[in-house]
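Take a look at the structure below.
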Amino acid sequence: MQNVLILYYSRHGSTKKLAQAMARGVEQQGLEARIRTVPSIPDYLSTQSAVPQSGAPYVSEEDLVSCAALALGSPTRFGNMAAPLKHFLDSTSSSWLKGALIDKPACVFTSSSSLHGGQESTLISMMLPLLHHGMVMCGIPYSEPALHDTKSGGSPYGATHVAKNNDARLTDDEITLANAQGVRLAALAKKLAGQSE
Ligand SMILES: Cc1cc2nc3c(=O)[nH]c(=O)nc-3n(C[C@H](O)[C@H](O)[C@H](O)COP(=O)(O)O)c2cc1C
């Protein structure tokens with residue numbers, strides 16, 4: 001079965017909640033949602049542990065190479081992605097050299113504390129390395145009614161959550177949009193795989 005790699009970093013749980021909503025969308029399309037994370041920088045430096053104490057397993061290069069599509073999620077940090085995720089991406093030159101991700105669809109998602117605190121710049125910053133990898137970026141089209149209605153997160157650039165004071169509870173519209181993004185990513189993965197056969 002094809003799998004969609006849902007790779008996120010989350011310190012307070014909001015980005016993780018978006019990843020879970022997206023995974024449900026992927027599974028609605030009949031694909032495996034492979035949820036993976038990366039160690040925090042202190043954990044990475046201190047333990048180099050291959051297995052986190054709880055939650056999703058750490059991502060491996062094999063996860064990246066074998067996925068049919070990738071959803072990448074990070075908290076907004078000063079309008080940019082979090083360092084642990086960037087650190088992982090900076091370790092992927094071997095996959096880049098092999099062209100392992102070329103023509104695979106990808107999408108991005110984020111959580112920030114404030115509504116205008118840099119979600120869109122973070123999403124775009126996350127797209128850049130994926131474009132270098134040759135991935136085909138997809139967002140959320142305005143045919144999704146929740147994109148017009150949301151009073152919190154959700155953008156055409158990708159699913160988002162506005163956490164205010166680290167409140168990880170997603171609104172109904174945020175869940176709907178993360179779910180729709182998962183459905184769309186998995187559907188595109190199936191279509192692209194079909195065309196290459
Ligand atoms: C170093 C740092 C920088 C941050 N920068 C921003 C920011 O630019 N804009 C914003 O709205 N929130 C910012 N935040 C808040 C986080 O984006 C917010 O708490 C997010 O929901 C955390 O996601 P998580 O629950 O998945 O860890 C920052 C937090 C930290 C620790």
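Counting starts at 1 for both ligands and their atoms, in listed order. Residues: numbered from 1 along the sequence shown. All values below come from the heavy atoms of this structure, side chains included, with hydrogens, waters and symmetry mates left out.
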Check: Judged by atom type as modelled, is there a donor-acceptor pair below 3.5 Å linking the side chain of Q181 to the main-chain atoms of A159?
Finding: yes

Measure the distance from [atom] to every protein heavy atom, then report the residue, atom name and distance (to 0.1 Å) of the closest one.
{"atom": "atom 7 (C) of ligand 1", "result": "G117 O, 3.4 Å"}
{"atom": "atom 19 (O) of ligand 1", "result": "N166 OD1, 2.9 Å"}
{"atom": "atom 16 (C) of ligand 1", "result": "T76 O, 3.5 Å"}
{"atom": "atom 20 (C) of ligand 1", "result": "S111 O, 3.5 Å"}
{"atom": "atom 5 (N) of ligand 1", "result": "F78 N, 2.8 Å"}
{"atom": "atom 23 (O) of ligand 1", "result": "P75 CB, 3.4 Å"}
{"atom": "atom 2 (C) of ligand 1", "result": "R77 CD, 3.7 Å"}

Margin query: At less than 4.0 angstrom from any non-hydrogen atom of S114, what atoms of ligand 1 do you find?
Written below: 10 (C), 11 (O)

Checklist line | Numbered atoms and elements of ligand 1 in range of R11, under 4.0 angstrom, heavy atoms | finding: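 By the 4.0 Å cutoff, the relevant atoms are 24 (P), 26 (O), 27 (O).
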
Check: More than 12 non-hydrogen atoms from neighbouring residues, nucleotides or ligands closer than 6.0 Å to CZ on F88, yes or no?
Finding: yes

Notebook entry, point to check: Any link between L72 and L18 through a network of hydrophobic side chains (Ile, Leu, Val, Met, Phe, Trp, Tyr) touching at under 4.5 Å?
Noted result: no

Item checked: In one Ile/Leu/Val/Met/Phe/Trp/Tyr side-chain cluster, 4.5 Å: L101, M137 -> yes

Check: Is the shortest distance from a heavy atom of A168 to ligand 1 less than 4.0 Å?
Finding: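 Per 4.0 Å heavy-atom rule, A168 does not contact ligand 1.
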
Notebook entry, point to check: Is the closest heavy-atom distance from G79 to ligand 1 below 4.0 Å?
Noted result: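 A heavy atom of G79 does come that close to ligand 1.
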
Notebook entry, point to check: At a non-hydrogen distance cut-off of under 4.0 Å, which region of A163 contacts ligand 1 (side chain, backbone, both, or neither)?
Noted result: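 Side chain only.
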
